[in-house]
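Only a predicted model underlies this, so the values are computations on that prediction, with no experimental measurement involved.
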Amino acid sequence: MSLLSLLFGKRVNSNESIKVLNADAFRSEVEGKKVQLVDVRTKKEFNSGHIKGAINIDYFSGKFTTDFNRLNKQQPIFIYCRSGGRSRQAAKKLSKLGFEEIYDLKGGIINYK
């Protein structure tokens, strides 16, 4: 954490709020726990199979920001997509929206299974 972050109690570098977890670490954080778990794939992809307990907020949806703004920005959020690209971009957007603790699944759901 930078000196400015300590002085102002806020993350100055938005990337400090994003952590990429491998499949095992991600699994241990979300399975059987009540967490904010979001699949950022399309509805069709989500319906073809998703991590238990996940909600679907499509990265390409025009409601992306509105839907994420309904979630708690002070609680950790766990996101994933198919292979990691969309969730990486989503994580950057979430950081700009003020989410403080973002966990992105490295390699996406294809790496999780």
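Under the rule for a salt bridge (Lys or Arg N to Asp or Glu O under 4.0 Å), the partners of Glu31 that lie at least two apart in sequence or sit in another chain are Arg27.
Of all heavy-atom pairs spanning Leu37 and Lys52, the tightest one is CD2-O, 3.7 Å. The two residues Tyr59 and Ala90 have their closest heavy-atom pair at CE1-N, 3.7 Å. Here the closest heavy-atom approach between residue Leu94 and residue Ile79 is recorded as CD1-CG2, 4.0 Å. Contact record, Val30 with Tyr112: CG2-OH, 3.9 Å, taken as the closest heavy-atom pair. Annotation for Ala54 and Phe46: closest pair O-CZ, 3.5 Å, computed over non-hydrogen atoms. The shortest non-hydrogen separation linking Ile110 to Ser83 is CD1-CB, 3.9 Å.
Glu45 and Ser48 form no side-chain donor-acceptor contact under 3.5 Å, judged by distance and modelled atom types alone.
Ring geometry for Phe64 against Phe68 counts as tilted: the plane angle lies between 30° and 60°, on a 0 to 90° scale.
The side-chain tip of Lys33 does not point at the ring of Phe78 from less than 6.0 angstrom away and within 45° of straight on.
A 4.5 Å side-chain heavy-atom check between Arg86 and Arg41 finds at least one atom pair inside the cut-off. In this structure, the side chains of Leu21 and Lys106 stay at 4.5 Å or more apart for every pair of heavy atoms. Annotation: side chain of Ile55 is not in contact with side chain of His50 (no heavy-atom distance under 4.5 Å). Here the side chains of Asn69 and Leu97 are in contact, with some heavy-atom distance below 4.5 Å. At a threshold of 4.5 Å between non-hydrogen side-chain atoms, the residues Lys19 and Asp104 do not count as touching.
Judged by distance alone, with hydrogens and angles left aside, the side-chain atoms of Gln75 form no donor-acceptor pair with the main-chain N or O of Gln36 at under 3.5 Å. Here the side chain of Tyr80 pairs a donor or acceptor atom with the backbone of Ile51 at under 3.5 angstrom.
Exactly one residue among Asn72, Val35, Ile102 makes a side chain to side chain contact (heavy atoms under 4.5 Å, CB included) with Ile77. That residue is Ile102.
Atom CZ of residue Arg88 and atom SG of residue Cys81 lie 8.0 Å apart, to the nearest 0.5 angstrom. Put simply, OG1 on Thr42 and CG on Asn56 are 7.5 Å apart, with the number rounded to the nearest 0.5 Å. Considering CG of Asp39 and CD1 of Ile57, their distance stands at 10.0 Å, rounded to 0.5 Å.
Linking ILVMFWY residues whenever their side-chain heavy atoms come closer than 4.5 Å, directly or via other members, leaves Val38 and Leu105 in distinct clusters. Residues Phe99 and Ile18 share a single hydrophobic cluster, defined by chaining ILVMFWY side chains whose heavy atoms lie under 4.5 Å apart.
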